[in-house]
Every structure is written in structure tokens, then in C-alpha cells.
Amino acid sequence: MMSQRNSDVSALVEAEVTCAAEKVPFTPGQARACTVREVLDRVGGKWSIGILVAASHGPVRFTELERHIEGISRRMLTLTLRNLERDGLLRRTVYPTVPPKVEYTATPMALELYESLVALTSWAERHRRAIAEARTVYDAQHTG
């Protein structure tokens with residue numbers, strides 16, 4: 001027999017819940033954008049760092065980003081830009097020209113993140129060879 005305290009679980013699931021850190025409401029079916037892990041996943045994502053660093057230097061167009069970020073597909077660039085805009089890190093401006101001109105600009109929140117992203121990318125560049133060598137050694141020792 002279920003205790004009285006646990007008998008109305010469905011009511012709890014249906015109720016609106018708030019994020020403890022920011023008091024931001026969300027429903028159970030929605031992503032909890034306020035979790036630290038989710039934020040770090042977004043800004044530390046494979047493509048996000050390059051986009052945010054590029055946009056931090058001033059307005060940047062889609063084609064510029066496509067040329068600047070090696071290996072990114074058009075679809076992935078579109079999805080990443082949309083997610084960064086949704087998270088409030090990029091501002092998208094559409095100019096009424098033919099063809100339409102679209103620019104992406106880093107928001108103040110993204111500009112605050114800029115120094116950390118540059119430090120992270122600089123660290124990765126400085127240590128990429130050492131990491132590759134460590135992987136080679138590890139793989140040689142652990143492959144049967």
C-alpha cells in the first residue's frame with residue numbers, strides 16, 4: 001500500500017515547477033535551461049565556442065561563420081546559431097535587402113564570456129599536441 005505522502009505523484013508531475021537558482025518557471029516536459037550542466041554544454045559545445053568568439057569581434061554574417069569555422073555543416077551552423085540566439089548569447093538582425101542580409105552579434109552576456117572562451121581555446125591550442133601524444137601512448141598500452 002502506498003503512503004498518503006506518495007499517493008498523488010501525478011499531481012506533482014503536472015504542477016508547474018520553478019528552478020531553484022533563478023525562480024524561473026518551467027513545466028515538467030520542458031528542458032531546464034537553468035541547470036549549470038546544460039549551460040556549459042551549450043557554451044562549451046564543439047561549434048559554439050568558435051561562433052561566440054567570432055561574433056564577439058563585431059557583427060558577423062552566416063557565410064563568414066561558415067568559412068571561419070572549419071568542418072561545420074550549414075545545418076549544424078544554423079542549429080547552433082538558433083540555439084545560441086535562444087539562450088540569449090547572440091542577437092540576430094535581418095536587414096530588408098535583396099537578398100536579405102543577416103548578421104549575428106554577441107550579446108553583453110556573451111561578451112562577458114569571451115575572455116574565458118579565448119583562454120579555453122588558447123589552452124587547447126597550446127596542449128593539443130601533448131594530448132594527442134598522451135592518447136597515442138594510452139592507446140598503445142591499452143589495446144589488445
Side-chain angles (χ1 to χ4, degrees), residues 5-144:
R5 188 175 47 183
N6 295 327
S7 63
D8 203 9
V9 173
S10 62
L12 291 173
V13 171
E14 295 301 319
E16 182 175 86
V17 182
T18 59
C19 175
E22 298 291 333
K23 303 286 189 233
V24 177
F26 68 93
T27 56
Q30 294 174 319
R32 292 182 67 171
C34 59
T35 64
V36 171
R37 189 182 85 213
E38 184 174 341
V39 171
L40 292 175
D41 285 348
R42 176 80 76 221
V43 299
K46 181 176 182 177
W47 308 115
S48 298
I49 293 172
I51 291 169
L52 290 170
V53 168
S56 293
H57 296 295
V60 63
R61 297 183 66 182
F62 183 93
T63 52
E64 291 175 89
L65 289 168
E66 194 174 30
R67 282 192 304 268
H68 176 76
I69 300 169
E70 187 177 322
I72 194 168
S73 69
R74 292 190 81 125
R75 175 166 166 63
M76 186 52 64
L77 178 56
T78 299
L79 291 172
T80 307
L81 287 168
R82 189 174 298 147
N83 285 327
L84 291 170
E85 182 183 6
R86 180 175 180 246
D87 290 345
L89 295 167
L90 289 180
R91 185 175 307 110
R92 181 177 184 261
T93 306
V94 180
Y95 297 95
T97 60
V98 178
K101 178 182 174 183
V102 179
E103 289 182 336
Y104 297 90
T105 309
T107 64
M109 186 168 44
L111 291 173
E112 182 182 340
L113 178 63
Y114 175 75
E115 294 299 323
S116 298
L117 294 177
V118 169
L120 181 62
T121 56
S122 296
W123 177 89
E125 183 61 34
R126 281 192 315 274
H127 296 287
R128 66 187 174 91
R129 284 191 181 94
I131 290 170
E133 290 168 9
R135 287 177 179 173
T136 301
V137 170
Y138 179 92
D139 292 346
Q141 292 173 348
H142 294 86
T143 319

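Side chains included, hydrogens not; waters and symmetry mates left out as well; all remaining heavy atoms used.
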Counting only pairs under 3.5 Å, give me each side-chain donor-acceptor contact of residues 70-81, with atom names and distances, residues two or more places apart or in other chains.
unit_1: Ser73; atom_1: OG; unit_2: Met76; atom_2: N; d: 3.0
unit_1: Thr78; atom_1: OG1; unit_2: Arg74; atom_2: O; d: 2.9
unit_1: Thr80; atom_1: OG1; unit_2: Met76; atom_2: O; d: 2.7

Subject >> Distance (rounded to the nearest 0.5 Å) between Leu90 CG and Thr105 OG1 >> reply: 8.0 Å
Original post:
Parallel under 30°, tilted from 30 to 60°, perpendicular over 60°: which one fits the rings of Tyr138 and His142?
Top reply: parallel
Original post:
Does Glu125 have any salt bridge (Lys or Arg N to Asp or Glu O under 4.0 Å) partners at least two apart in sequence or in another chain, and if so, which?
Top reply: Arg128
Return a table of donor-acceptor pairs under 3.5 angstrom between the side chains of residues 41-53 and protein atoms on other chains or two or more places apart.
unit_1: Arg42; atom_1: NE; unit_2: Asp87; atom_2: OD2; d: 2.4
unit_1: Ser48; atom_1: OG; unit_2: Arg42; atom_2: O; d: 2.8

Subject >> Distance, nearest 0.5 Å, that separates CZ of Arg67 from OG1 of Thr63 >> reply: 5.0 Å
**OP:** Quick one: which residue pairs count as a ring-ring contact (aromatic ring centres under 6.0 Å, His included) with a foot in residues 53-83, not counting sequence neighbours?
**Re:** His57-Tyr114
Original post:
When rounded to the nearest 0.5 angstrom, what distance separates OG1 in Thr121 from CZ in Arg126?
Top reply: 9.5 Å
Subject >> Pairwise distance CG(Leu84) to CZ(Arg91) - rounded to 0.5 angstrom >> reply: 13.5 Å
**OP:** Give a yes or no on this: more than 12 heavy atoms of other residues, nucleotides or ligands lie within 6.0 Å of atom CD of Glu85.
**Re:** yes
Subject >> Partners meeting side chain to side chain contact (heavy atoms under 4.5 Å, CB included) with Ala106 (sequence neighbours left out) >> reply: Ala55, Ser56, Ala110, Leu111
Original post:
Does Arg92 have any side-chain hydrogen bond (donor to acceptor under 3.5 Å, both in side chains) partners at least two apart in sequence or in another chain, and if so, which?
Top reply: Tyr104
